[in-house]
Amino acid sequence: MKAAIVGPGAMGTLFGVLLADAGHEVHMLDKEPVRAAALAAKDFLLDGVSGKRSVRIPVTADAAAIGVCELVFVWVKAYDTRAAAAALGPLVGPDSIVVTLQNGLGNAQTLSEALGAQHVLAGSTAQGANVVEPGHVIHAGTGDTFLGEIAGPATPRVRRICDMLTAAGFPAAPSDDVAGLIWGKLIVNVGINPFTGLLQVRNGELLERPETRQLMAMAVEEAVAVAKAAGVKLPFPDPLAKVREVAEKTGKNKSSMHQDVANRRRTEIDFICGAIVREGEKLGIPTPVNRTLTLLIRSIC
Ligand code: KPL
């Protein structure tokens with residue numbers, strides 16, 4: 001299958017390398033022309049839980065040079081989704097499918113507005129990856145990926161892409177409720193990302209102190225209240241237990257916000273805790289903990 005990865009960061013590189021290694025024709029689109037040229041000149045390297053791999057993947061900053069793809073994975077940060085959607089038009093033909101498994105609220109909507117909702121599939125993944133340097137990524141943890149139509153039950157195209165991902169090393173299953181999936185992942189991110197960013201600890205270390213566990217519970221409780229008021233059905237019965245389970249399973253991982261804060265890069269806080277604050281305001285649910293976390297992270301990055 002001809003596929004494009006938009007955004008060769010940690011997750012984009014992980015997906016690109018495993019799909020290319022599985023025999024797919026993979027192209028990478030990077031918004032930075034200089035970095036694109038540097039990445040194109042060497043092999044991509046992947047280490048970690050899925051083993052060692054080294055593959056050459058063409059990289060460009062010009063979507064027209066790639067042309068129409070059957071499948072496009074958007075792996076830019078949530079704050080760049082709008083710009084990426086505007087740039088990736090030449091990748092999308094009448095039958096192209098654009099997949100977002102990104103963190104944060106609003107990505108599927110932004111892509112649908114720019115490209116047409118009929119092209120967009122969304123979901124979530126518990127895969128974890130850390131960048132060593134551009135083009136070299138550690139596959140830090142594996143976990144399930146779920147994918148679905150943005151409205152309505154899973155279709156044959158969803159099942160086809162799940163099969164393709166599973167064969168490439170990302171166990172994936174179809175979902176009939178993408179809103180629940182996205183909110184479920186959002187709540188996991190609310191419980192893990194700001195704390196790993198602020199404390200600069202790995203995901204598993206969050207569970208070591210009762211004080212940190214209490215903070216996680218406070219942030220998650222607010223997010224769950226907002227999800228309930230929004231009429232979202234979460235994909236797990238005990239959200240806090242789920243957050244702790246993910247922190248444990250991805251214990252050795254440096255979360256994306258940990259990495260962003262460590263590198264003094266912009267974080268996705270506005271699309272994680274900030275999204276809870278915005279949705280809470282619309283629904284009349286107070287969210288002082290998520291507001292404080294948003295302001296704290298924005299105070300440092
Ligand atoms: O999605 C993640 C992230 O790092 O952004 C988690 C699930 C917290 C894994 O690290």
Side-chain angles (χ1 to χ4, degrees), residues 1-31 35-36 39-40 42-46 50 53-77 80-81 84-102 107-108 110-112 114-125 127 129 134-135 137 139 142 144-150 154-174 178:
M1 191 179 278
K2 182 176 176 184
I5 307 286
V6 181
M11 295 299 288
T13 299
L14 172 66
F15 270 66
V17 169
L18 288 189
L19 289 174
D21 201 49
H24 297 286
E25 179 190 338
V26 177
H27 299 261
M28 295 260 197
L29 182 66
D30 186 358
K31 66 176 179 180
R35 189 175 52 195
L39 288 171
K42 58 181 190 176
D43 283 359
F44 279 85
L45 303 176
L46 182 68
S50 52
R53 286 178 177 79
S54 159
V55 289
R56 187 61 68 102
I57 298 174
V59 190
T60 175
D62 176 12
I66 299 174
V68 170
C69 292
E70 290 161 272
L71 197 51
V72 178
F73 287 92
V74 179
W75 268 125
V76 299
K77 296 286 187 179
D80 268 341
T81 302
L88 65 77
L91 306 179
V92 181
D95 299 321
S96 303
I97 297 170
V98 179
V99 175
T100 166
L101 301 169
Q102 298 156 277
N107 295 302
T110 301
L111 291 168
S112 299
L115 304 166
Q118 73 280 13
H119 290 294
V120 181
L121 299 181
S124 69
T125 183
Q127 298 286 343
V137 159
H139 190 180
T142 179
D144 289 332
T145 296
F146 294 100
L147 187 68
E149 295 287 343
I150 50 179
T155 51
R157 66 179 186 167
V158 169
R159 282 185 275 279
R160 207 174 63 242
I161 294 167
C162 287
D163 289 347
M164 171 204 174
L165 288 173
T166 303
F170 304 104
V178 150

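The structure presented is a predicted model; accordingly, all values stated were derived computationally and were not measured.
- Within the structure, no pair that satisfies the salt bridge (Lys or Arg N to Asp or Glu O under 4.0 Å) test touches residues 115-124, not counting sequence neighbours.
- Smallest separation of non-hydrogen atoms from Leu18 and Gly169: CD1-O, 4.5 Å.
- Of the inter-residue distances, the one linking Phe170 atom CZ with Asp144 atom CG reads 13.0 Å to the nearest 0.5 angstrom.
- Using modelled atom types, no side-chain atom of Ser54 and backbone atom of Leu45 make a donor-acceptor pair closer than 3.5 Å.
- With sequence neighbours excluded, the residues forming a side-chain hydrogen bond (donor to acceptor under 3.5 Å, both in side chains) with Ser50 are His139, listed by chain and number.
- Minimum heavy-atom separation, Ala84 to Val6: CB-CG1, 4.1 Å.
- Nearest heavy atoms, Leu165 versus Ala172: CB-CB, 3.9 Å.
- Among all heavy-atom pairs drawn from Val158 and Ala154, the shortest one is CG1-CB, 4.1 Å.
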query: Going through the distances and angles, do Met28 and Leu39 end up as a side-chain contact (heavy atoms from CB on, under 4.5 Å)?
result: CA-CA 9 Å; Met28 295 260 197; Leu39 288 171; over 6 Å; no
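- When all heavy atoms of Leu19 and Ala168 are compared, the closest pair comes out as CD2-CB, 3.8 Å.
- Partners of Glu70 under the side-chain hydrogen bond (donor to acceptor under 3.5 Å, both in side chains) rule, at least two apart in sequence or in another chain, do not exist in this structure.
- The OG1 atom of Thr60 sits 10.5 Å away from atom NE2 of His27, with the distance rounded to the nearest 0.5 Å.
- Residues meeting the side-chain hydrogen bond (donor to acceptor under 3.5 Å, both in side chains) test with Thr166, sequence neighbours left out: none.
- Nearest heavy atoms, Cys162 versus Leu147: SG-CB, 3.9 Å.
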Donor-acceptor pairs are to be reported for all side-chain atoms of residues 86-98 against protein atoms at under 3.5 Å, with residues two or more places apart or in another chain.
{"from": "Ser96", "atom 1": "OG", "to": "Cys69", "atom 2": "O", "distance (Å)": "2.7"}
{"from": "Ser96", "atom 1": "OG", "to": "Gly93", "atom 2": "N", "distance (Å)": "2.7"}
{"from": "Ser96", "atom 1": "OG", "to": "Gly93", "atom 2": "O", "distance (Å)": "3.4"}

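- Here the CG-CE distance, from Leu101 to Met11, works out to 7.5 Å after rounding to the nearest 0.5 Å.
- Atoms CD1 and CG, from Ile161 and Leu121 in turn, are 5.0 Å apart once rounded to the nearest 0.5 Å.
- For the pair Phe44/Val137, no side-chain contact is recorded, criterion being any heavy-atom separation below 4.5 Å from C-beta on.
- Rounded to the nearest 0.5 Å, atoms CG (Leu71) and CD1 (Ile5) are 8.0 Å apart.
- Judged by distance alone, the side chain of Lys2 and the main-chain N or O of Val68 form a donor-acceptor pair under 3.5 Å.
- Between atom CD of residue Gln127 and atom CG of residue Leu14 there is a gap of 6.0 Å, rounded to the nearest 0.5 Å.
- In this structure, Lys42 has no side-chain hydrogen bond (donor to acceptor under 3.5 Å, both in side chains) partners at least two apart in sequence or on a different chain.
- Leu111 has its side chain within reach of Val74: a pair of non-hydrogen atoms, C-beta onward, lies under 4.5 Å apart.
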